[in-house]
There are 2 protein chains.
Amino acid sequence: MERNIPLQDISKGKIFEKYEAKFKAIADQKRLQIMNIFTEKGEMCVCDLAPLMDMSQSKLSYHLKILLDANIITKRTEGTWSYYNLNQAEINHLLSEELCCLFRPTSC
Amino acid sequence: MERNIPLQDISKGKIFEKYEAKFKAIADQKRLQIMNIFTEKGEMCVCDLAPLMDMSQSKLSYHLKILLDANIITKRTEGTWSYYNLNQAEINHLLSEELCCLFRPTSC
DNA sequence: GGAAATAATCAATTTTATTTGATTTAAAAA
DNA sequence: TTTTTAAATCAAATAAAATTGATTATTTCC
């Protein structure tokens, strides 16, 4: 099974691979909550986010890395602090207008 | 850790739970490919989809169930056959206009 | 009725993702 | 310079998801 690669895959395989990674990153309650917090409160360091998420530091770091690797959030380091925020352009590219309430700061 | 539930979660927890399930369903290359086939070819029985996906029957059945449970696709049974198709309304609710090329039949 | 075809389900295994607690690195403050 | 704080990383344990092959249920066709 799965020996032959249909012609279709050669061109679209990369695209599906890319979206698999992005959707996987946002397919988690905790990570959606993190994204929602950035939407509402804007850029924030890990130390301020941790108490809001009620999560251990290493666990939070793990989830932030997954979102960062998928380009869903951005990171800016200043001294000892790491400031994270939503990558709004990426969110807009990915999600519908109807999901605006959760992940777009302007409307709703 | 994780003892106290922030106030926010009480109202939004259900929403995040719902989207976790939906994004999890589409966070897979194979399932994205299935969705894309429905987009391009419309309603189809499992027996016609299997060779296009080059996948064993039980494996395909497993992936179709995941998409169906998340309401991403629809199912219609006729005799021995099961016909599946995209749930376009759900796709539109979930994904951006820019993902139209992959999962909306009209444009592109 | 009996054989063949369609598709769902099951149990066992394998693979992948998440959690935990400890350690490490680096910067800031005393 | 030592201590403290912030955050990333690591290895081990646990949990969840995917794969496999076999079995089952149902329907169609002879």
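Order of the sequence lines sets the chain letters (A, B, ...), proteins ahead of strands, with each chain counted from 1.
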Peer 1: Round to a whole Å and report the spacing from OH of B:Tyr62 to P of C:dA11.
Peer 2: 15 Å

Peer 1: Closest to the A:Cys47 side chain: C:dA7, D:dA6, D:dA17?
Peer 2: D:dA6

Peer 1: Between B:Asp69 (CG) and D:dA16 (P), how many Å, whole number?
Peer 2: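 So the CG-P distance, B:Asp69 to D:dA16, works out to 17 Å.
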
Peer 1: Testing B:Asn71, B:Asn92, B:Thr74 one by one against B:Asn87 for a side chain to side chain donor-acceptor pair (under 3.5 Å), which residue passes?
Peer 2: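 Among B:Asn71, B:Asn92, B:Thr74, the one that satisfies the side chain to side chain donor-acceptor pair (under 3.5 Å) with B:Asn87 is B:Asn71.
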
Peer 1: Any side-chain heavy-atom pair from B:Leu99 and A:Tyr19 closer than 4.5 angstrom?
Peer 2: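 They are in side-chain contact.
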
Peer 1: Name the nucleic acid region contacted by A:Leu60, choosing base, sugar-phosphate or nothing; use a 4.0 angstrom heavy-atom cut-off, strictly under.
Peer 2: nothing

Peer 1: Which whole-number value in Å describes the distance from B:His63 NE2 to C:dT9 C1'?
Peer 2: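 Distance, rounded to whole Å: 15 Å.
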
Peer 1: Could you check how far CG of A:Leu49 sits from C1' of D:dA6, rounded to whole Å?
Peer 2: 13 Å

Peer 1: Go through the structure and list residues passing side chain to side chain donor-acceptor pair (under 3.5 Å) with A:Gln57, not counting sequence neighbours.
Peer 2: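 Applying side chain to side chain donor-acceptor pair (under 3.5 Å) to A:Gln57 gives none.
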
Peer 1: Among residues 74-88 of chain A, which ones have heavy-atom contacts with DNA chain D below 4.0 Å?
Peer 2: A:Lys75, A:Thr80, A:Trp81, A:Ser82, A:Tyr84

Peer 1: How does protein reach along nucleotides 10-15 of chain D, written 5' to 3' as B (base within reach of a heavy atom under 4.0 Å), S (only sugar-phosphate), or - (no contact)?
Peer 2: ------

Peer 1: Specify the separation, in whole Å, of atom CG of B:Leu68 and atom C1' of C:dA8.
Peer 2: 12 Å

Peer 1: Is A:Asp28 close to B:Phe16 at the side-chain level, that is, under 4.5 Å between some pair of heavy atoms?
Peer 2: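 No, their side chains stay 4.5 Å or more apart.
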
Peer 1: With no hydrogens and no angle check, is any side-chain donor or acceptor of B:Arg31 less than 3.5 Å from a backbone partner on B:Ala25?
Peer 2: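 A pair under 3.5 Å: yes.
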
Peer 1: Let me know the distance between NZ of A:Lys30 and P of D:dA16, rounded to the nearest Å.
Peer 2: 14 Å

Peer 1: Send over the distance from B:Met44 CE to C:dA7 P, rounded to a whole Å.
Peer 2: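 B:Met44 atom CE is separated from C:dA7 atom P by 12 Å.
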
Peer 1: Determine: side-chain N/O of B:Lys65 to OP1/OP2 of C:dA8, distance under 4.0 Å, yes or no.
Peer 2: no

Peer 1: Under 4.5 Å between any side-chain heavy atoms of B:Ile73 and B:Asn85, yes or no?
Peer 2: no

Peer 1: State plainly whether the residues A:Glu17 and A:Lys12 are in salt-bridge range, i.e. N to O under 4.0 Å.
Peer 2: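 No, no charged N to carboxylate O under 4.0 Å.
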
Peer 1: Suppose we call a contact any N or O donor and acceptor under 3.5 Å apart; does that hold for the side chain of A:Gln57 and the base of D:dA6?
Peer 2: no

Peer 1: What heavy-atom pair brings A:Phe23 and A:Leu94 nearest, and what distance separates the two atoms?
Peer 2: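 For A:Phe23 and A:Leu94, the tightest heavy-atom pair comes out as CE2-CG, 4.0 Å.
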
Peer 1: Without swapping roles, check the side chain of A:Glu20 against the backbone of B:Leu32 for a donor-acceptor pair under 3.5 Å.
Peer 2: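 Checked: no pair found.
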
Peer 1: Are any of A:Lys59's side-chain N or O atoms less than 4.0 Å away from OP1 or OP2 of C:dT20?
Peer 2: yes

Peer 1: Check every strand shown and say whether A:Leu64 touches a base, only sugar-phosphate, or nothing at a heavy-atom separation below 4.0 Å.
Peer 2: nothing

Peer 1: Using whole Å, report how far CD1 of A:Ile73 lies from P of D:dA7.
Peer 2: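 In whole Å, D:dA7 P and A:Ile73 CD1 are 13 Å from each other.
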
